[in-house]
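Each remark here refers to the structure printed beneath this line.
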Protein chains: 2
Amino acid sequence: MPKVSSKVPGVQGCAVERTLSLIDGKWKIVVLYKLLRGTLRFNELRRLIPNVTQRMLTHQLRELEADGLIVRRVYAQVPPRVEYSLSARGRSLEPVLMAMKQWGDTNLSSQGAQAA
Amino acid sequence: MPKVSSKVPGVQGCAVERTLSLIDGKWKIVVLYKLLRGTLRFNELRRLIPNVTQRMLTHQLRELEADGLIVRRVYAQVPPRVEYSLSARGRSLEPVLMAMKQWGDTNLSSQGAQAA
DNA sequence: GCCCATAGTGTCAAAAAGGATACCGTAATG
DNA sequence: CATTACGGTATCCTTTTTGACACTATGGGC
C-alpha cells in the first residue's frame, strides 16, 4: 500500500482508508502492538521484532511519530538512550489493533498469536 | 506493505500482522467496506471507487477471493455479469473495519467519513 | 456497419517500499 | 588498543505495487 502518512496532506479516502494509511508499512502494527504494553527503547524494539532492519525500524518509528501515534524521547546520555511510547492518539488505536488480533486469532488459526 | 496473501504459505507474523496482510493493498479495505452493504457488480465497484483502475480492482478482487474474503459469482450472460459479495469470513471482518472507521471518524476529523 | 457496455487480460513502465551493507561518535569494557 | 553497545544515517539495489494504455469477445441499439 502506498504510504500517505505525513506526506500527502489532503488524503481523499474514507475514514477507514485514512486510518489504514497510518498503520500500513510492514512493521508499524507490530511496533504499536509492542508499545501497547509499555515504553521501549530502540534496541529493545529491534530485539522484539527480529526481522526488522535498523533502517526500517527507524523509518517506521519516524512516521509513527510524525503521525502523532508515538512519542520519542531522547535522553542526553552518552550511550544514547531513546525511548518510544504510545501517545494518547496511538493508544486510542487499541480497539483497532485488538479487533485485528481477535480476528486473526479466530480466523487464522495458528500458534504465535499471543506472542506478538 | 508487502503482499502476503495467498503467496507465502507460512506467514510468520503475529495475528495482527497476518490479519493486516489480508487487507492491505490500496483498495481492499474500501472494497470490503462497500461490500458490507451488499452485493455489487464489477463496474458498480469501479464507479463507487473512482480512482481505482480496472487492472487494480481486478487484482484486488482476485486476492480477496483467493483469501476467501469475498465470493465471485459469474453469470453466463452475454453482456458479462459478475457479482461480488462478502463471504462469511469476509463479513466477520466487520468489527475490524468498523473499528477502523470509528477511529478514523473520531481521530481524523474530516467529512467524507460516512460516504465510504 | 459502427459504437456502446460488460468484465476483464496483457504489456510496459514508473514509483514506492523494503533490504543489505557500511559508516558515525562516544564511552565503557576487556 | 580493540571491541561492544547505543541509536541512528547514507547509499545502493531489488522487489512489489501501482498506473497507463491497448486489446479482447459478444450482443444490442442506431
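Chain naming here is simple, since letters A, B, ... match the order of the sequence lines and numbering starts at 1 in each.
Of the candidate nucleotides D:dT18, D:dT9, C:dT9, D:dT9 has the atom nearest to the side chain of A:T58. Checked against C:dG8, C:dA20, D:dG7, the side chain of A:V82 finds its nearest nucleotide in D:dG7. When the nucleotides C:dG8, C:dA27, C:dA7 are ranked by their closest atom to the side chain of B:P80, C:dA7 comes out on top. In the set D:dG8, C:dG8, C:dA20, D:dG8 carries the atom at the smallest distance from any side-chain atom of A:Y84. Closest to the side chain of A:R55, out of D:dG7, D:dT18, D:dA10, is D:dA10.
In this structure, the separation between CD on B:E63 and CH2 on B:W27 is 14.5 Å, given to the nearest 0.5 Å.
No side-chain heavy atom of A:I49 sits less than 4.5 Å from a side-chain heavy atom of A:M56. Contact check for B:K101 versus A:T19: no side-chain heavy atoms found under the 4.5 Å cut-off. Using a 4.5 Å heavy-atom threshold, the side chains of B:L45 and B:Q60 count as separate. Contact of the B:V31 side chain with the B:Y84 side chain is not registered, since no non-hydrogen atoms from C-beta on lie closer than 4.5 Å.
Residue A:H59 contributes atom NE2, which lies 16 Å from atom C1' of D:dG7 at whole-angstrom precision. Counting to the nearest Å, the P atom of C:dA7 and the CG atom of B:L57 are 10 Å from each other. Atoms CE (B:M56) and P (D:dC21) sit 15 Å apart, rounded to a whole Å. Remark: P of D:dT18 and CG of A:D24 are 10 Å apart, rounded to the nearest angstrom. We find that CD1 of B:I70 is positioned 14 Å from C1' of C:dA7, with the value rounded to whole Å. Atoms CD (B:Q77) and P (C:dT6) sit 12 Å apart, rounded to a whole Å. At whole-Å resolution of the value, CG in B:N51 and C1' in D:dG19 are 12 Å apart. Protein atom CD of A:Q60 is 16 Å distant from nucleotide atom P of C:dA16, rounded to whole Å.
Comparing B:V74 and A:V78, the nucleotide of DNA chain C nearest to each residue sits closer to the 5' end for B:V74.
Counted within 6.0 Å of CZ on B:R72, heavy atoms from surrounding residues, nucleotides or ligands total more than 12; the atom is thus considered enclosed.
Contact check, B:R81 against D:dT26: no side-chain N or O comes under 4.0 Å of OP1 or OP2. Of the side-chain N and O atoms in A:Q54, none sit less than 4.0 angstrom from OP1 or OP2 of C:dT21. Contact check, A:K26 against C:dG19: a side-chain N or O comes under 4.0 Å of OP1 or OP2.
Listed by residue number, A:R41, A:F42, A:N43, A:R47 are the residues of residues 39-49 of chain A with a heavy-atom contact under 4.0 Å to DNA chain D.
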Validation: residues 87-97 of chain B side-chain donor-acceptor distances under 3.5 Å, sequence neighbours left out:
| from | atom 1 | to | atom 2 | distance (Å) |
| --- | --- | --- | --- | --- |
| B:S87 | OG | B:G68 | O | 2.6 |
| B:S87 | OG | B:L69 | O | 3.0 |
| B:S87 | OG | B:R89 | N | 3.3 |
| B:S87 | OG | B:G90 | N | 3.0 |
| B:R89 | NE | B:D67 | O | 3.2 |
| B:S92 | OG | A:W103 | NE1 | 2.7 |
| B:S92 | OG | B:R89 | O | 2.5 |

